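Read the structure below first, then the notes.
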Amino acid sequence: MKSSRLVSILLLLQTRGRMTAAQLAEELEVSVRTVYRDVEALSAAGVPLYGDAGHAGGYRLLDGYRTRLTGLTADEAEALFLAGVPGPAAQLGLGSVLAAAQLKVRAALPAELRAHADRISGRFHLDAPGWYAEAEEAPYLPAVADAVWNNRVLDIVYRRWRTPTDVERRLEPYGLVLKAGRWYVVAGPGPRTFRVDQILQLATSGEEFTRPDDFDLAAYWTAYQRDFHARLYTAEAVVRLAPGVTLSRATPWDGGTDEDGWTTATVPIESVEHAHGEFLRLGADVEVLGPPELRARIARTVAELAERYRRAPAGRHRSADRPPSAEPPRPGDSPHSDNAPHPGNSSPPGGN
């Protein structure tokens with residue numbers, strides 16, 4: 001562990017320049033005292049490493065010093081090939097570049113590590129987007145990526161959800177994020193977040209901008225998601241859930257299970273409108289206790305459905321005269337899967 005940590009310190013200083021002991025400790029998840037001991041060990045081994053005191057101080061390597069101590073472990077080689085997602089790389093226009101880079105890395109690996117990398121590639125395939133969602137075209141993605149890379153200002157026409165829907169925006173693109181198969185651009189001033197597939201028009205003037213040195217894309221996205229969910233679920237519903245039924249965001253009440261096995265829980269909701277549709281999907285496995293307006297709305301919908309289905313159909317349809325057909329194929333249903341319901345089922349639909 002210590003030898004691996006020493007190598008990590010050396011590579012961190014080589015790639016990032018000056019770093020304080022506190023920064024190294026946070027990166028390596030060790031104490032500052034451990035960093036002090038590791039730095040002393042590196043200096044004793046002849047590594048030209050020195051530290052400066054003061055507010056702007058820290059450790060750094062002698063200018064021009066480079067180490068070739070960059071060998072990969074088996075786990076690192078596996079992770080490297082697992083991280084190479086060809087779909088997003090192709091969308092960015094980097095598919096062939098990624099393939100060439102992986103080929104070079106693979107050729108440079110020792111035979112044992114090459115076998116580990118091949119094993120990962122042959123046993124794991126990453127396809128992040130979900131089933132049944134229509135593919136969302138993002139024709140301006142390569143242009144946005146180029147602007148992100150070269151710090152170029154973008155003038156766009158953007159379609160948003162509220163009126164006026166089509167608006168003009170001037171963006172200073174800081175970075176791109178791929179979330180569940182959908183691309184987002186994080187841009188200043190602000191920064192703010194935009195869906196790339198909702199860009200209707202795009203023009204580059206050649207104007208450059210200065211990206212903030214302290215902007216951290218990963219940290220921004222984590223905070224953005226946390227804030228999004230806080231703003232999304234602004235109300236709560238109290239429900240009873242049938243035995244065996246669970247909801248991902250539900251918080252069961254203490255002692256909230258009755259003699260029939262039903263559980264009382266609190267569930268965060270976006271709005272009465274949205275919760276109405278979501279709870280109806282569970283059918284008779286959920287009872288909404290509150291808020292009163294949500295319970296009343298579901299009761300009206302259930303009464304209307306009951307009345308509609310008590311009546312005879314208005315007319316006979318050709319489909320009603322036919323025997324029930326097989327269920328549509330689901331992900332995993334195929335002649336070669338264990339749960340294929342019928343030999344005639346087609347292969348699963350492609351992702352979005």
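Atoms considered below: every heavy atom in the structure, side chains included; atoms not considered: hydrogens, waters and symmetry mates. Model, not experiment: these values are computed from the prediction.
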Salt bridge (charged side-chain N to carboxylate O under 4.0 Å, His left out) between R60 and D52, intermediate numbers included = CA-CA 8 Å; R60 62 177 300 172; D52 294 323; 5.7 Å; no
Evaluate side-chain contact (heavy atoms from CB on, under 4.5 Å) for R300 paired with I298, printing each intermediate quantity in order.
-> CA-CA 5 Å; R300 287 196 301 270; I298 290 179; over 6 Å; no
I would like to know whether R310 and E307 meet salt bridge (charged side-chain N to carboxylate O under 4.0 Å, His left out); could you show each step before the answer?
-> CA-CA 5 Å; R310 271 197 295 266; E307 178 61 27; 2.8 Å; yes
Evaluate the criterion side-chain contact (heavy atoms from CB on, under 4.5 Å) for residue pair F215 and V186; output intermediate values, then yes/no.
-> CA-CA 11 Å; F215 178 73; V186 178; 3.8 Å; yes
Assess whether salt bridge (charged side-chain N to carboxylate O under 4.0 Å, His left out) is satisfied between R160 and D166, documenting all intermediate values.
-> CA-CA 6 Å; R160 59 183 185 177; D166 297 354; over 6 Å; no
Are E293 and H276 close enough, and set up right, to give a side-chain contact (heavy atoms from CB on, under 4.5 Å), and what steps lead you there?
-> CA-CA 10 Å; E293 59 269 29; H276 169 262; over 6 Å; no
Applying side-chain contact (heavy atoms from CB on, under 4.5 Å), run through L241 and T246 and close with a yes or a no.
-> CA-CA 7 Å; L241 300 172; T246 59; 5.9 Å; no
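The line from CD of E29 to OG1 of T34 is 12.5 Å long, rounded to the nearest 0.5 Å. Residue L178 holds its CG atom at 4.5 Å from CH2 of W183, rounded to the nearest 0.5 Å. Taking CD of Q23 as the reference point, atom CG of L28 lies at 11.5 Å (rounded to 0.5 Å). From D216, atom CG reaches atom CH2 of W221 across 14.0 Å, with rounding to the nearest 0.5 Å. Taking CD of Q198 as the reference point, atom OH of Y158 lies at 6.0 Å (rounded to 0.5 Å). To the nearest 0.5 angstrom, T165 atom OG1 is 8.5 Å from L200 atom CG.
Counting only N and O atoms by type, the side chains of T193 and Y220 include a donor and acceptor under 3.5 Å apart. Checking Y233 against R249 by side-chain atom types alone, a donor-acceptor pair falls below 3.5 Å.
Contact check for L13 versus L49: side-chain heavy atoms found under the 4.5 Å cut-off. Side-chain contact between V47 and L61 is present, with heavy atoms from C-beta onward closer than 4.5 Å. Side-chain contact between D258 and R240 is present, with at least one heavy-atom pair separated by less than 4.5 Å. Looking at V30 and R5, their side chains come closer than 4.5 Å, going by heavy atoms from C-beta outward.
Cluster annotation: V238 and W262 are assigned to distinct hydrophobic clusters (Ile/Leu/Val/Met/Phe/Trp/Tyr, side-chain heavy-atom contacts under 4.5 Å, transitive). One hydrophobic cluster holds both V32 and L24 under the rule that ILVMFWY side chains link at heavy-atom gaps under 4.5 Å. When hydrophobic clusters are built by joining Ile, Leu, Val, Met, Phe, Trp and Tyr residues whose side-chain heavy atoms come closer than 4.5 Å, directly or via intermediates, W149 is not grouped with V144. No path of Ile, Leu, Val, Met, Phe, Trp and Tyr side chains, each step under 4.5 Å between heavy atoms, connects L289 with V302, placing them in separate hydrophobic clusters. Linking Ile, Leu, Val, Met, Phe, Trp and Tyr residues whenever their side-chain heavy atoms come within less than 4.5 Å leaves V153 and L176 in two separate clusters.
The backbone N or O of A223 sits nowhere less than 3.5 Å from a side-chain atom of D227 that would complete a donor-acceptor pair. Judged purely by atom type and a 3.5 angstrom limit, T222 uses its side chain to pair as donor or acceptor with the backbone of A218. Between the side chain of R195 and the backbone N or O of I199, no donor-acceptor pair lies under 3.5 Å.
Put simply, the residue from E172, E208, E207 that forms a salt bridge (Lys or Arg N to Asp or Glu O under 4.0 Å) with R152 is E208.
Annotation: Y184 is not in aromatic contact with F194 [ring centroid separation under 6.0 Å not met].
Partners of D214 by salt bridge (charged side-chain N to carboxylate O under 4.0 Å, His left out), not counting sequence neighbours: none found.
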Which donor-acceptor pairs under 3.5 Å do the side chains of residues 265-273 make with protein atoms, sequence neighbours left out?
residue : atom : partner : partner atom : Å
T266    : OG1  : W253    : NE1          : 2.8
S271    : OG   : H274    : N            : 3.2
E273    : OE1  : R297    : NH1          : 2.8
E273    : OE1  : R297    : NH2          : 2.8

